[in-house]
2 protein chains.
Amino acid sequence: MRGAIQLDEHFDRVGLRKTPQRLDVLEHLVRRPIHATADEIFAALNRRDPRVSRATVYNCLRDLARTGLVREVPGEGKAARYDANLHRHHHFICDVCGNVEDIEWFDVPASSWQTAAGKRRIRESEVVLRGVCSRCA
Amino acid sequence: MRGAIQLDEHFDRVGLRKTPQRLDVLEHLVRRPIHATADEIFAALNRRDPRVSRATVYNCLRDLARTGLVREVPGEGKAARYDANLHRHHHFICDVCGNVEDIEWFDVPASSWQTAAGKRRIRESEVVLRGVCSRCA
DNA sequence: ATCTAACTTTAGACATAGTCTAATAAGTAT
DNA sequence: ATACTTATTAGACTATGTCTAAAGTTAGAT
Ligand SMILES: [Mn+2]
Ligand SMILES: [Mn+2]
Ligand SMILES: [Zn+2]
Ligand SMILES: [Zn+2]
């Protein structure tokens with residue numbers, strides 16, 4: 001889906017260099033799809049290589065997000081959570097443990113929000129489901 | 001809708017005192033329904049009465065949220081935004097100016113998410129619409 | 001291959017957002 | 001009035017995020 005070739009293309013297209021740090025941040029998000037915070041990523045990468053800096057993790061996330069390789073997940077927590085799952089999907093937030101889980105994409109038809117949206121130009125609609133996850137049930 | 005009597009009842013029911021600070025925080029959210037941050041509320045209240053403390057604003061928001069008089073709005077910004085509109089409604093976030101606007105409630109039918117939600121027990125589903133607001137268009 | 005300019009990382013200072021503590025103030029019960 | 005509970009306050013403290021300047025790295029030109 002997003003192999004080495006497409007990554008080369010992407011970084012080339014958006015004018016960013018394919019650095020080890022950027023790949024490490026991206027790989028962490030891909031391999032542990034738990035919608036990690038910047039600090040969780042920093043802790044993991046810095047444990048394996050103490051030279052990696054906090055600023056770099058923030059820089060990488062900013063650049064990866066700006067160019068569309070990752071996205072920020074909406075939610076109430078105080079630390080931003082990131083997502084490398086680029087398939088269109090929604091999110092579920094557990095009332096008990098706070099974990100953020102992916103929900104397979106389903107469409108909220110324009111007919112639902114058309115009237116309520118008025119003159120606004122709608123680009124996308126994401127659903128945030130809340131409740132109790134299967135583990136906490 | 002939420003007059004003095006219901007407020008008395010509410011504070012009584014949840015075992016909180018109806019203090020001036022709590023009422024001021026609540027009133028600010030009601031009268032300027034722009035989904036303000038804690039710091040925006042603190043700045044406004046502190047300007048009118050320099051004795052009001054930052055900690056109190058955070059304490060009030062925490063207590064009002066815990067007892068259901070206000071709620072936190074989902075979004076990517078780094079500061080939490082609060083909402084005293086207790087009607088069920090969705091939100092729109094402008095790509096350009098970042099303003100958070102209310103969207104009249106519409107239902108995302110269970111049939112939409114039932115399959116994707118699996119074993120999770122769903123309590124509510126909120127929609128976050130994104131695009132360009134009427135002012136930025 | 002070397003040079004050069006642009007890009008990136010890094011440490012740490014700085015800024016913003018939020019929590020906690022201990023003292024004071026305000027309300028409630030006896 | 002007194003004792004007790006709850007709430008507010010200032011400021012210390014923690015957490016999250018941004019910025020700066022120096023050093024490291026890479027791509028492209030010569
Ligand atoms: Mn996701
Ligand atoms: Mn709202
Ligand atoms: Zn859970
Ligand atoms: Zn706008």
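Values reported hereafter were calculated over all heavy atoms of this structure, with side chains retained and with hydrogens, waters and symmetry mates removed. Convention: sequence-line order gives letters A, B, ...; per-chain numbering from 1.
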Item to check | Of B:D24, B:L69, B:L61, B:D83, the residue whose pairing with B:L29 passes side chain to side chain contact (heavy atoms under 4.5 Å, CB included) | outcome: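 It is B:L61; the other options fail the test.
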Checklist entry - When you check the side-chain N and O atoms of A:N85 and A:H35, is any donor under 3.5 Å from an acceptor? => result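 Short answer, no.
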Spell out, yes or no, whether [X] and [Y] are grouped together once hydrophobic residues are joined by side-chain heavy atoms under 4.5 Å, including indirect joins.
{"X": "B:Y82", "Y": "B:F42", "result": "yes"}
{"X": "B:V100", "Y": "B:V70", "result": "no"}
{"X": "A:V14", "Y": "A:L7", "result": "yes"}

Checklist entry - Would A:E104 and A:R88 count as a salt bridge (charged side-chain N to carboxylate O under 4.0 Å, His left out) if you check the C-alpha gap in whole Å, the side-chain angles of each, and the deciding distance to 0.1 Å? => result CA-CA 8 Å; A:E104 194 186 333; A:R88 300 207 303 180; over 6 Å; no
Item to check | Nearest-angstrom distance from the residue atom NZ of B:K18 to P of C:dT28 | outcome: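 Spelled out: NZ on B:K18 to P on C:dT28 is 11 Å.
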Item to check | Length of the line joining B:F11:CZ and D:dT6:C1', which is rounded to integer Å | outcome: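 That distance rounds to 14 Å.
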Next on the checklist: With nearest nucleotide decided by heavy atoms, which residue, B:A80 or A:R22, maps closer to the 5′ end of DNA chain C?
Outcome noted: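 It is A:R22 whose nearest nucleotide is closer to the 5' end.
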Next on the checklist: Quick check on contacts: within residues 39-78 of chain B, what sits under 4.0 Å from DNA chain C by heavy-atom distance?
Outcome noted: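 DNA chain C contact set from residues 39-78 of chain B: B:A55, B:Y58, B:K78.
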Item to check | Short side-chain N/O contact to C:dA26 OP1/OP2 from B:Q21, under 4.0 Å | outcome: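 Answer no for this pair, as no side-chain N or O of B:Q21 is under 4.0 Å from OP1 or OP2.
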Checklist entry - Between C:dC7 and A:T19, is there an OP1 or OP2 to side-chain N/O distance shorter than 4.0 Å? => result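 No.
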Item to check | Rounded distance [0.5 Å steps], CH2 in A:W105 versus NE2 in A:H87 | outcome: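 Those atoms lie 13.0 Å apart.
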Pick out the pairs of N or O atoms, protein on one side and nucleotides 23-27 of chain D on the other, that lie under 3.5 Å.
| unit_1 | atom_1 | unit_2 | atom_2 | d |
| --- | --- | --- | --- | --- |
| D:dT26 | O2 | A:R17 | NH2 | 3.4 |

Next on the checklist: The criterion is salt bridge (Lys or Arg N to Asp or Glu O under 4.0 Å); which residues satisfy it with B:E72, sequence neighbours excluded?
Outcome noted: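 Per chain and number, B:E72 pairs via salt bridge (Lys or Arg N to Asp or Glu O under 4.0 Å) with no residue.
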